[in-house]
Amino acid sequence: MTSPASIRSPLALDAPPLLALEGLSIRFDMRDGQVHAVSDIDLSVKPGEVFALVGESGSGKSVTALSIMGLLPTPPAIVSGSIRFEGQDLTTLRNRAMSKIRGKEIGMVFQDPMSSLNPVHTVGKQIGESLRLHFGMNRRDAHGRAIELLDRVGIPDAASRASDHPHEFSGGMRQRAVIAMALACDPKLLIADEPTTALDVTVQSQIVQLIRDLQQERHMAVIWITHDLGVVAEIADRVAVMYGGRVMEQGSASDVYAATRHPYTSGLLRAIPGIDRSTATKLAEIPGTPTTIFAPLTACAFHHRCPMTEPGCTSSVPELMATDRPGHESSCIHHEELAAAGNIWLDDASTIQPDRSRSDDRVIVTVEDLKVHFPIRRRSGRARGTVRAVDGVNLEIHTGRTLGVVGESGCGKTTLGRTLVGLIEPTAGSIRVDGSDDDTHRTIQMIFQDPFSSMNPGMRVRDVIEEPLRILSMGSSGERESRVAELLEMVGLPTDAAERYPHEFSGGQRQRIAIARALAADPQVIVCDEPVSALDVSVQAQIVNLLRDIQDTHGLAFLFIAHDLAVVRHISDEVAVMYLGQIVERSSRDDLYREPLHPYTKALLAAVPVPDPSVSHSAAPLRGDLPSPSNPPSGCRFHTRCPVAVPGMCDTQPPPLLEVSSERWVACHLVGSDQPHKRPQTGGEQS
Amino acid sequence: MTPPAIPANRPRRLLPRSLADRLGWFGAIIVGFLILMAVFAPRLAPYDPSERVARPFLPPSSEHLLGTNDVGQDLLSELIFGARVSLTVGIVAAVVAMLIGTTVGVIAGYYPKRLGSVLMRFVDVVLILPFLPLLIVLAAYLGRSLTNTIIVIGVLIWAAPARIIRSQVLSLRSREYVLASRSMGAKDRWVILRHILPRTGLLATGSFVRAISGAILLEAALSFLGLGDPIQKSWGSILFWAQSRGAFLTPAWKWWVLPPGLAIMAASLGFALIAFAVEERINPKL
């Protein structure tokens, strides 16, 4: 059934490739023009290796995967070149023949586990489906095999969970079920398209580890498609970096990361705020944004954004060529110079971020014992229960400083931010804003996650930016106009952008508009709710740097909400970690990342993938998913997942948030346990 | 850094592309023709429709293309001037309906909890009211005048647009740009005027055109029952007089009954086709 388990078979380097793409081009003929998604790429995947396909949005990575599976709709897609799987050209196969390979020889895992499962069938039935299809198994055998598979992918109590429907599974379990489905027929190749992007970081590391284990156990090849260079470093044997439908660089993971031979890869690696990267310097910016290719390439796809561009780059499309390292190829004609020069992006020394002194700051926002509860109503309107989205949060925001709030989805961080700007009425507790009498909106503004939905598509950029001014009745129309021009310049957009509509801008540019809008009323505090997580990696760095510059010049206070611990580390002065509506640890940035005290913080940090293949991978630190905030565990809310929970104490008594050392608060019985029975810090009781 | 390049806006196509579009253009041609007829009625009509110009009950002739009615008025001129009344009532009643419907729909959608559910129950009641009997009672009670016809029709047909608009507002109010606006301190009034109403406009256009089509039919029905304005004859009132003078049973139906009937059908169909095309175009974007 399966190959002998848990023997890591050495990579057969000279084995014939399992999958070879030769001269693969994919074009979409749309009504108003052509889109060249993939242009003449050659790739090969050997049996039993993990091959990572890395790129930003529009790089052609997902389209490549779909073309291997034969899942592209033709028309409008036009696929040329060959896709050889075990020597057989898949592009010439008819649909019938292809469906014998699909699911049986090649399995696929998609990004969103909810939409890859059919909500009306049980999970077990869906896993058994391909077994019945490809092996003609009967219902009972297929069900038995489905239970084995669910058990293998780590679903506890698989025999009974197999008859559950997808909505009864949590996000992480659903992705495990989808993996079980892809593995059902023991494929030789697994294609995973952003399999962990929709998951929280602790669940992500569980899934990465699961796929790594399964791959070694079954000697299966994996194509891992992602934009996340951190995850790639944890799992990949070989890496290909794509941009604009071309392969920029490919080679072993260690070569691509440590001996980068393409300016794009090098820029990407410098643009990501690693968890252990120095925070003293700015992130390197790749100027511009990824673009869609509407005409056949005649030059290097990256030449618009590359600092090394010279006439040679635009005269022809560069092919992949061997570099100084074996098996490592780059399509940059300057790869030799790059090997000699090292870093061609920003000179680190010239971009030192000023360290902010704490001497002149003051508390601008004080949040005391804030609670936000949402009733869950029956159809009759009677309350059935309560979601305790925020449940007793105390914090202060200081002028000129950034308080980062991190936590997994459902921890209440977004609710906290929205309550601060007055979108949600607090159930209990207080929010005091210093220096403003009645109108907190003039003091606190907000930047949202998705730059595409946070702007009214029918309004011009000018109207978008001046909206807060008009709402707050600030300035005459002439003053507003000059303010808009000033703000556009501040966020690095041309002034003629004012007369355009939001849809004419890319994601990064729209986030700049959102920043200009948040700045318009000259606030003192800006709540940033995941402001860069919807953006491409190369654009994230631009926005993070812009936010820091603006903060420094205006002395703004930020509440920076994010799930990405590396981004939070880069921008924050102080960090609060939230779990199920409560802050479990709050401390200065450096202390928290250097020496996390709460077991949850430790687990979160250990789960963050490091974009360096030479760092050894730790085992997934946490089991299971976040419990439901409508029915939080008793005692310490983390005790159900905590590796060090003490029965009898952690599951009965809620730990108070105590100041364990100067400016450092932890809510854990096992930290600072010399005074375990001190009363909880609830400043709201007096007010 | 240098300002990033902004991609040029793609040109929008203006030519029809689907069946719905073609039907819509067909409807627009019918409606355009009828509107021209109404606007230039004094020039187009050979006679003054309120004057006795010939003997009563004349069959069609070269002088009177559609003959004359029971008092000797020219039927063709009545038909041409009738377009003015029918279209005016249809359009103005639809405007009234849209004003009520949009107000109720926006309020019910923006405050979906208590106020919204009360309003929508009321809308449900209006929707299940037996139309024609109520229309007749109201019209008889208020008296026969153009204004009353418009009001009666308007207050009866606003419920369907209200439901459509409410569903759109429900979706709009949770959009992030509405949240963004509220996070800047915008009051409900601001959000509704700046973000909600402009974005429901397109949808309301479809409902509006459909309401015109319905209102024209209702006006015809009312007038046919003799509840229209006695001074200004619409297509429906021509039919009323034709009926009361027995024209339905004589050969005169060909020139007295058929032309206004066809005109009513053409007007209603024309607007309905436009509404179909408009809705076809906007609905996928919901």
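The figures that follow rest on heavy atoms only: side chains count, while hydrogens, waters and symmetry mates do not. Every chain is numbered from 1 and lettered A, B, ... according to where its sequence line falls, protein lines coming before strand lines.
- Counting non-hydrogen atoms of other residues, nucleotides and ligands closer than 6.0 Å to CZ of B:Phe26 gives a total of 12 or fewer.
- No side-chain heavy atom of B:Pro198 sits under 4.5 Å from any side-chain heavy atom of A:Met459.
- A heavy-atom distance below 4.5 Å is found between the side chains of A:Arg470 and B:Trp190.
- Between B:Arg182 atom CZ and A:Ile471 atom CD1 the span is 11.5 Å, to the nearest 0.5 Å.
- Residue A:Glu499 places its CD atom among more than 12 non-hydrogen atoms of other residues, nucleotides or ligands, all under 6.0 Å distant.
- There is a side-chain donor-acceptor pair under 3.5 Å between B:Ser181 and A:Glu467.
- Here the side chains of A:Leu472 and B:Met184 are not in contact, with every heavy-atom distance at 4.5 Å or above.
- With a 6.0 Å radius and a threshold of 12 heavy atoms from other residues, nucleotides or ligands, B:Arg173 has its CZ atom above the threshold.
- Contact of B:Arg194 with chain A is made through backbone and side chain together, with heavy-atom distances under 4.5 Å.
- Here the straight-line distance linking atom CG of B:Leu179 with atom CZ of A:Arg418 works out to 5.0 Å at 0.5 Å rounding.
- Contact between A:Val421 and B:Ser183 at its shortest, heavy atoms only, is CG2-CB, 3.8 Å.
- Listed by chain and number, the residues in a salt bridge (Lys or Arg N to Asp or Glu O under 4.0 Å) with A:Glu489 amount to none (sequence neighbours excluded).
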Hey, can you pull the donor-acceptor pairs under 3.5 Å for the side chains in residues 515-522 of chain A, sequence neighbours left out?
from     : atom 1 : to       : atom 2 : distance (Å)
A:Arg517 : NH1    : A:Ser454 : O      : 3.1
A:Arg517 : NH2    : A:Ser454 : O      : 2.9

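- Residues A:Pro457 and B:Arg199 share a closest heavy-atom pair of CG-NH2, 3.1 Å.
- Among A:Ala514, A:Pro468, A:Gly508, the residue with the largest count of heavy-atom pairs under 4.5 Å with chain B is A:Pro468.
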